Amino acid sequence: MSKIHVSTTINGDAAEFLCDPRETLLDVLRDRLGLTGAKEGCGTGDCGACSVTLDGRLVCSCLVLGAEAEGREIATVEGIAPGETLHPLQRKFIEHAALQCGICTPGILVAAKALLEKNPDPTETEVRYWLAGNLCRCTGYDKIIRAVMDAAAEMREVA
Amino acid sequence: MVEVHLWSGLRAQAGGREVVEVEASTVGEVLSGLVAAHPELQEVIDAGVSVAVDGRIIASGLTEPVSEDSEVYLMQRLKGG
Amino acid sequence: MALDEYKPQKGGDQLEQGHAFKYVGTRPDRPDGTDKVTGRARFGADITAPGMLHGAILRSPHAHARIVNIDTSKAEALDGVKAVVTRADFSAAIQPAPGMAGEMWNVLENVMAGDTALYDGHAIAAVAATSALTARDALKLIKVTYEVLPHVTDVDAAMAADAPVIRDGTADKSVPPGLHPNVVRYHQSGHGDVEAGFAEADLVIEDSFTTEATHQGYIEPHACLGTLGGDGKGELWCCTQGHWNVQKICAALLDMETSQLRVTASEIGGGFGGKTTVFIEPVALALSRKANRPVKLVMSRSEVFRATGPTASTSMDIKIGMRKDGTITAAQGVFRAQGGAFPGAPMEFTAMCAFAPYNLANVHQVGYDVMTNRPKQAAYRAPGSPMAAFAVESVIDELCNQLGLDPLEVRLKNASREGTRASYGPKFQRIGLVETIEAAMAHPHYSAPLAPGQGRGISCGFWFNHGGETSVTLALSEDGSAQIMVGTPDIGGSRASMALMAAEVLGIPYENIRVTVADTASLGYNEVSHGSRVTYASGLATIKAAEAAVRELCKRAAAKWGIEEEAVYWEDGYAKPSGPNAGDFEPLHISKITRSMGATGGPINGHFEATPEGAGVSFATHIVDAEVDPETGSTKVVRYTVVQDAGKAIHPTYVEGQFQGGAAQGIGWALNEEYIYGTDGRLQNAGFLDYRIPVASDLPMIDTVIVEVPNPGHPYGVRGVGETSICPPLAAIANAVSAAAGVRMRNLPMSPPRIFEALEAKNG
Amino acid sequence: MRYLSPASFDDAVALAAEAPGVTRFLAGGTDVLVQMRADIITPDTLIDIKKIPGTHDIARTPDGGWTIGVAVTGAEMREQDDLGADWPGLVEAMDLIGSTQVQGRATLTGNLCNASPAADSVPAMIAAGVTLTVTGPDGNRTVAAEDIPTGPGQTSLAKGELISAVHVPPRGAGGGDAYLRFIPRTEMDIAVVGCGVNLSVEGDTITAARVALGAVAPTARLVPEAAAALVGTTLGDAALDALATAASAACAPIDDKRGTVRFRTHIAGVLAKRAAKIAYDRARKAQ
């Protein structure tokens, strides 16, 4: 089966890869580009562990074909921290113990970042519904919601 | 002698008794004493049991001490999730 | 080290005498936090090896079928396919035996079917190929001829006389004569005279309950990378709760020497008991041996649901007698649990935990372990206990309703205390049930007004906790910092707890300690991270290892000062002379000692290995408010409070996290999660779409109250906290929903159609 | 599998018409990719229509209606405030599908062509009177939303045909729509029952109505009897009860893992009432 050549941008860097037309963006990120931050929890868009942004829009990378990345801009968890310091969301997740096992954390951080870029002052209900597609089995979400709200408050103060 | 309380489901393997007296100073000797008294108990002990000594549940340690006045209960093997 | 160093007389007592902690009980950032928020942490599926192949497993579409023939020739001929394995590629030496005595054979049979497919999803064959897509394509080319057999998936149906026999001869000697061959183990225990007790009661309620199988629902599917050469030496990387156990089982299933297989535990994306055994790991190794290349195997979500280890489903009959003043006079329970096509449903824990919270003169419990055509159950957070609490606490709730009694006062009146004879036999040591009930009574939640349509439920819950084989090594560096090797995978922040306990002993900053989960070749045996044992047992071992290092540090200081070892004590990171008689020496900081350790006797390490047997049992009391929409049967949990005895909270934030996580999983189990089998015996909802675990918008914030009644079996009083938190929720929510809906809910999950049907039946 | 991304609908039609084996069109991919992952289907040809100009546009038409491109996502619909002001029920129905992540990809057209009886946007489209331009080897035709699905996973589209535009009618004064679904959780589930109501009022009196139900029959269906129960009323208790009765009577559901026949039939009536009340309030406010 012949492969497709794709040129794309990932976390601001130009990237190229060859992929089978059946491979998803998640497969490509993990298996061809070595970006294993996005996780496959379900492969069917139900868990959100593979969340990335595609031209700034939050998506499940398991529901995007690798071939569709051509000419697009992709952002993953690996690109959230600006240099040496952590993004406020990342810091607050550690501070609040908003992760136990940590497998859902990359997807939740990508999703929460997308939320705060769109809505810097979300209510608890808005955070809960925005993140409804990001399953966490460890925490009961309590500390995750608190971490997102706290990060939002801090980011509003700085802004 | 140490009195060992069995769970009642074991009566069939212990000649109808729920309390068996064995000569023992350790948990391991409790178990070997039980088998010596009632060979039918071998299978269940091999499959795994725990022993409560004065309320402390010994999951597997055979060297744990037991004295004559200890309250000893045989329990099914503990595990967790 | 002498065993008596962690016996009851230590620890807890010391704590109650007002021992002040400097690090324990604080809430620092977890050491692996940055790795886990940046995507750097490597989980099961995140590793690769040069020349790696990808594996895939062919699974039975039938609930029960004889495997007549497997033709792998077309798959083998496909370009890129490097190996195909079937049961013939695993050990022939392991033989079946009745009950749990045959467990190694049971595991093998579950990993790869022998002559019969026993459930929908049972592994039949596996392929390794140059890409994951090729491996999946190859599976479609394997031709299996099945002879479909009659199947049964329901626990009560499997005990009926006409049920198909799943495997005759599996029952062990515990099973009384006359039962169906699918009943493979039996438990009976209790004390007193229940009939006499019921006769003393003013009200006796007898009722029946069922719970469906649920899945641990960890977000990370099982994944591993195995390599095994013709020289019999292998390496395995996998996500597991216990890599020594994986090592032991894989070696047996592949006829290897255990020491020749080195297993490394990756970061683990949740387990909750479901990753305490093996499923794909031996298959990856068998494929690797055949292909002579590393093989990576990653389960799909559908495979996780169909072919890993969900919990047991149960059918239970409860009878409890109570006097008008709330005294329970007698209690009995019959607990039937199916755990799939193998022995092992945790019915003995269901039976033993059922009445443990109560001081009962007369109590009797019976358990049946029943086989069905479902996947082999695995442990799930306090295996067996949540179902028991659901049934028992529902009946107690109903007794309280009918006698007009306050449900928490009734629990308090009957509560087990130190010295109470437990329903499962021995007398309790120091326990904290009363303290949790009192804290629940005092909590504002319990007296808060309810809105119309809402109901409040409460429940107590119990779990044993566990110790288990444990090895820990602590090594000091030249600069006085410390590294700790533990063997229990860090599922929820245990590196932080270990570092806190070591910091407490060594008197050095938490940040100066690095905790590593060692591989099987780098540390002695460690039992699986299960039974809420990690903070208890690895924690105890870490304290003891650190104390061993401190003794050596004191020895070096004594040598430097030329005084007796006994005249030196350790405080806040310094060796100090123990008094004026010892001599007048400037306290010696740890870094001063370690800097010259090579020249003063060699490296300073502490280590500890033992099977600590002082895991204290633990209790919790939960309060929940639920709102039911009477038109749709839909339930919303509006408020939730967890009160639990942690013994001593080492890192309170992560203790709260365990409480909250247990409650959330319990909410899912109570309301919506269930394995749904069709009449064809196939699993209907093998995905997160229709296996409905709670999402963020389903839940309220979950309040927590940490009660600390020290465990006498741990130096700092720690009790495991991971499992007890899932024991009360099913019952607490059922009681809340029953109150809100005005109708007793006896079957879980209380999904909207079930509540609607109950309301319809009530309203006529 | 071949992956093709034509630059025009004519090219897409030509590719589809001559493609051997199984062909699928790729818009948001939230159903097709799931089916591929589960090995339910692996198309021989996958035609990505997102590179076709205009497929991402939402445009007001001269008569006050809307044309929505076939690659417009739920999130993009949600962000078009004027569309939401006109057709809140339609936008909310689309918004209910899946997670925020799914909203970033899922499309009305994909939801319609996947032909699930439980598709959330479909009863809302039917209630709203949405029509589709179907482009095929023989040119274009216009088809009502309710005439696209013919059964679970089946559509009336012939080989080589695809939907090229979605047309939402002009809202007009005194109109309002609403869509409600029942699910066991608060999010992430497939509808056990879905109900779309679209109505117009003059004063307090309902002058026209369309009611559609999802997940209670092999396809989402328009229920004229339910609409008739509303027209001429001021949505009093009698009208609501008649509506519920008509909605329940129109149900021909199945027992499955998501709900029983009895439950679905009952819920259809409950949701019809609740959705009608919302649509009615919206319509009166829009006068």
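Numbers restart at 1 for each chain; the letters A, B, ... are given by sequence-line order, proteins then strands. A quick note: this is a predicted structure, and the numbers were derived from the prediction, not measured.
Highest contact tally toward chain A, considering only C:I693, C:V298, C:V304, is held by C:I693 [criterion: heavy-atom pairs under 4.5 Å]. Chain A forms the most heavy-atom pairs under 4.5 Å with one residue out of C:R42, C:E220, C:M299, C:E267, and that residue is C:E220. Taking chain C as the reference chain and counting heavy-atom pairs below 4.5 Å, the highest number among A:E124, A:R91, A:E40 is found for A:E124. Ranked by heavy-atom pairs shorter than 4.5 Å toward chain C, the options A:P106, A:C104, A:A132 are led by A:A132. If you tally non-hydrogen atom pairs under 4.5 Å between each of C:L133, C:I268, C:I667 and chain A, the highest count goes to C:L133. In terms of non-hydrogen atom pairs under 4.5 Å with chain A, the most contact-rich of C:G661, C:A664, C:G668, C:G662 is C:G661. Between chain C and the options A:E23, A:E78, A:R146, A:Q90, the largest number of non-hydrogen pairs under 4.5 Å is found for A:Q90. Between chain A and the options C:A41, C:G493, C:P28, C:P221, the largest number of non-hydrogen pairs under 4.5 Å is found for C:P221. The residue among A:T76, A:L131, A:D31, A:T139 with the most heavy atom pairs within less than 4.5 Å of chain C is A:T139.
Between C:D46 and A:R30 the shortest heavy-atom distance is OD1-NH2, 2.6 Å. Of all non-hydrogen atoms in A:G41 and C:F688, the two that sit nearest each other are O-CE1, 4.0 Å. When all heavy atoms are compared, the tightest approach of A:A97 to C:T653 is CB-CG2, 3.5 Å.
Distance alone, capped at 3.5 Å, is enough to place a donor-acceptor pair between the A:R128 side chain and the C:A696 backbone. Formation of a donor-acceptor pair under 3.5 Å by the A:R137 side chain with backbone atoms of C:P694 is not found in this model. Judged by distance alone, the side chain of C:R301 and the main-chain N or O of A:G43 form no donor-acceptor pair under 3.5 Å.
For the pair C:T34 and A:L86, the minimum side-chain heavy-atom distance is below 4.5 Å. Within the 4.5 Å cutoff, the side chain of A:K143 has heavy atoms near those of the C:E656 side chain. Counting only heavy atoms from C-beta outward, the side chains of A:I145 and C:M701 approach each other to under 4.5 Å. You'll find the side chain of A:I94 reaches within 4.5 Å of the side chain of C:V37, heavy atoms only.
The NZ atom of C:K36 sits 10.5 Å away from the CD atom of A:Q100 when rounded to the nearest 0.5 Å. Residue C:I702 holds its CD1 atom at 10.5 Å from OH of A:Y141, rounded to the nearest 0.5 Å. In this structure, the separation between CZ on C:R692 and CG on A:L135 is 13.0 Å, given to the nearest 0.5 Å. Separation of atoms CD1 (C:I491) and SG (A:C101) is listed at 9.0 Å; rounding is to 0.5 Å. From C:L699, atom CG reaches atom CG of A:D142 across 9.5 Å, with rounding to the nearest 0.5 Å. Here SG of C:C239 is found 8.0 Å from CD1 of A:I103. Values are rounded to the nearest 0.5 Å.
Looking at C:Q216, only its backbone comes within 4.5 Å of chain A, counting heavy atoms on both sides. With a threshold of 4.5 angstrom between heavy atoms, A:H87 does not approach chain C through any atom at all. With a 4.5 Å cut-off on non-hydrogen atoms, A:L99 touches chain C through its backbone and its side chain both. Looking at C:F272, only its side chain comes within 4.5 Å of chain A, counting heavy atoms on both sides. Interface remark: A:L109 contributes side-chain atoms only to the contact with chain C (heavy atom separation under 4.5 Å). Contacts between C:Y654 and chain A at a heavy-atom distance below 4.5 Å involve the side chain alone, from C-beta outward.
Crowding of A:R156 atom CZ: a count of heavy atoms from other residues, nucleotides or ligands under 6.0 Å exceeding 12.
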Between A:H96 and C:D29, is the side-chain contact (heavy atoms from CB on, under 4.5 Å) condition met? List the steps. CA-CA 8 Å; A:H96 285 263; C:D29 290 352; over 6 Å; no
